[in-house]
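Each chain gets a letter, A, B and so on, in the order its sequence line appears, and its residues count up from 1.
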Protein chains: 2
Amino acid sequence: MSRALTPLQLAVLRLLADEQMHPYEMQQRIREHAIDQVVKVAHGSLYHAVARLAEDGLIEPVETSREGRRPERTVYAITGTGRDEARSRLREFMMRPVQEYPSFGMALSFVSMLPPAEAASLLDRRTVALEAKLAAHDTVVESLIKRGLARINVIEVEFLNSRLRSELDFVRALSEDIKSRRLDWRPPNGGDGEK
Amino acid sequence: MSRALTPLQLAVLRLLADEQMHPYEMQQRIREHAIDQVVKVAHGSLYHAVARLAEDGLIEPVETSREGRRPERTVYAITGTGRDEARSRLREFMMRPVQEYPSFGMALSFVSMLPPAEAASLLDRRTVALEAKLAAHDTVVESLIKRGLARINVIEVEFLNSRLRSELDFVRALSEDIKSRRLDWRPPNGGDGEK
DNA sequence: AGGCATATAGTCCACTTGGACTATTGAGCA
DNA sequence: TGCTCAATAGTCCAAGTGGACTATATGCCT
């Protein structure tokens with residue numbers, strides 16, 4: 001394999017593992033199954049990803065149909081190599097945590113740029129937004145379950161929710177610590193004199 | 001403001017808010033203060049980010065020194081606009097959670113491509129890696145505290161750790177559920193007949 | 001029957017990213 | 001003293017991303 005499969009490419013392979021389809025249909029399935037909650041899918045990038053997969057022989061065009069005078073659609077199918085590569089990449093993602101850069105972590109590391117009172121009030125606003133997200137996820141899960149999906153097929157939402165709840169706890173506690181002055185607001189570098 | 005500040009640009013402004021410096025020094029500070037744990041800093045991207053900040057008038061060159069025959073270094077300082085923009089962007093990051101795409105969430109949503117026994121074993125390997133990460137963070141925090149930093153300046157590591165612990169709990173529980181067959185491994189789409 | 005919004009299907013390009021490359025200086029050591 | 005390795009300081013470019021753009025068909029409202 002020349003280069004490692006991106007999450008989007010893996011998503012494409014995952015869909016094609018079930019049945020062959022054309023790019024636009026992939027996009028629809030991705031929305032239906034809420035895959036766009038866990039993989040960033042920019043309309044433009046999808047076609048690019050598919051093209052590269054074809055170049056590398058992980059998928060191949062099987063037919064080009066056309067309806068009316070609309071642009072023709074190329075239907076792709078997964079190859080044996082594609083199946084193998086997909087599984088192997090998936091194993092990696094499962095067992096090895098990849099370094100991530102959550103923007104809230106970044107924001108926290110710069111929070112001393114703001115006065116404590118303001119920081120606390122921003123955190124309180126965040127809790128509201130987080131609660132809304134949790135509620136939204138619950139709605140999504142319900143609708144997917146109703147469509148007959150088993151728990152294994154919505155397990156990623158369980159994960160995202162456990163993460164959201166943990167962040168919620170953290171944010172609430174931090175806001176309290178700030179308001180009660182348990183967290184002192186020393187300026188950065190307050191304490192080291194070396195250059 | 002033409003375009004929203006990227007995390008890396010915000011980091012640059014954060015550093016320049018304390019004192020003026022040249023790009024390479026930024027990189028050193030970033031390593032020292034472990035900012036590269038929360039912001040992705042690719043050597044090449046830093047110079048680009050600085051150039052754009054200068055274009056937009058958020059920072060400005062104040063002097064160009066040179067030592068020996070090494071390439072000249074341009075020292076930059078933050079401007080008033082820069083300070084304002086940085087604070088405003090920081091506020092946004094604090095109060096509004098941004099959509100993120102954790103690759104483990106993605107992997108989970110595709111896990112039914114693997115047999116259950118293998119999935120469980122991969123999850124077990126993941127727990128080991130997560131424990132190692134937690135331990136590593138503890139070491140980092142200790143060393144930073146020893147250098148005289150207050151809790152507020154390592155608060156982001158607390159956040160990352162609470163997140164790691166929550167993931168660890170989730171992964172352990174999931175692995176148990178799989179091994180004990182509490183989670184049934186129906187094939188995807190098992191149950192919906194509509195096309 | 002005409003008109004507007006939306007779904008279908010895809011291309012194109014400006015901007016980022018991040019890895020590879022260049023080149024000089026200082027430190028360690030044999 | 002000469003050699004190598006690491007640190008210093010930065011440029012350059014191939015590849016990827018995602019938003020803007022094009023163009024047809026269909027459903028709905030009036």
Exercise. Classify every nucleotide of nucleotides 12-17 of chain C by which part a protein heavy atom approaches to under 4.0 Å, writing B for the base, S for the sugar-phosphate alone and - for neither, in 5'-to-3' order.
Key: ----SB
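- One finds a salt bridge joining A:Glu25 and A:Arg29 here, because a Lys/Arg side-chain nitrogen approaches an Asp/Glu carboxylate oxygen to under 4.0 Å.
- Rounded to whole angstrom, the span from the CZ atom of B:Arg73 across to the C1' atom of D:dG10 amounts to 12 Å.
- Ranked by how close their nearest DNA chain D nucleotide is to the 5' end, B:Pro23 and A:Val41 are led by B:Pro23.
- Look at NE2 on B:His43: it is 8 Å from P on D:dG10, rounded to the nearest Å.
- The side chain of B:Tyr24 sits closest to D:dA7 out of D:dT11, D:dA7, C:dA9.
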Give every donor-acceptor pair under 3.5 Å between a side-chain atom in residues 156-168 of chain B and any protein atom, sequence neighbours left out.
unit_1: B:Glu158; atom_1: OE1; unit_2: B:Arg151; atom_2: NH2; d: 3.2
unit_1: B:Glu158; atom_1: OE2; unit_2: B:Arg151; atom_2: NE; d: 2.8
unit_1: B:Asn161; atom_1: OD1; unit_2: B:His137; atom_2: ND1; d: 2.8
unit_1: B:Asn161; atom_1: ND2; unit_2: B:Asp138; atom_2: OD1; d: 3.4
unit_1: B:Ser162; atom_1: OG; unit_2: B:Phe159; atom_2: O; d: 3.0
unit_1: B:Glu167; atom_1: OE2; unit_2: B:Arg126; atom_2: NE; d: 2.8
unit_1: B:Glu167; atom_1: OE2; unit_2: B:Arg126; atom_2: NH2; d: 3.0

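- With rounding to whole Å, A:Leu46 atom CG is found 11 Å from C:dT11 atom P.
- Using a 4.0 Å cut-off between a side-chain N of Lys or Arg and a carboxylate O of Asp or Glu, B:Arg147 and B:Glu142 do not qualify as a salt bridge.
- One interatomic measurement links the two molecules: NE2 of A:His22 to P of C:dA7, which rounds to 16 Å at whole-angstrom precision.
- A straight line from CG of A:Leu5 to P of D:dG16 spans 12 Å, rounded to a whole angstrom.
- Note: OH (A:Tyr47) to P (C:dA9) measures 8 Å, nearest angstrom.
- Residues A:Arg89 and A:Glu92 are paired through a salt bridge, judged by an N-O separation under 4.0 Å between the basic side chain and the carboxylate.
- For A:Arg125, the CZ atom sits in a loose shell: 12 or fewer heavy atoms of surrounding residues, nucleotides or ligands are nearer than 6.0 Å.
- For A:Gln28 and C:dT8, the shortest distance from a side-chain N or O to OP1 or OP2 is below 4.0 Å.
- Rounded to whole Å, atom P of D:dT8 lies 10 Å from atom CD of B:Glu32.
- Interatomic distance, B:Trp185 CH2 to B:Leu114 CG, rounded to the nearest 0.5 Å: 7.5 Å.
- A salt bridge is absent between A:Arg181 and A:Asp177; no separation between the charged side-chain nitrogens and carboxylate oxygens falls under 4.0 Å.
- In this structure, CD of B:Gln99 is placed 17 Å from P of D:dT17, rounded to the nearest angstrom.
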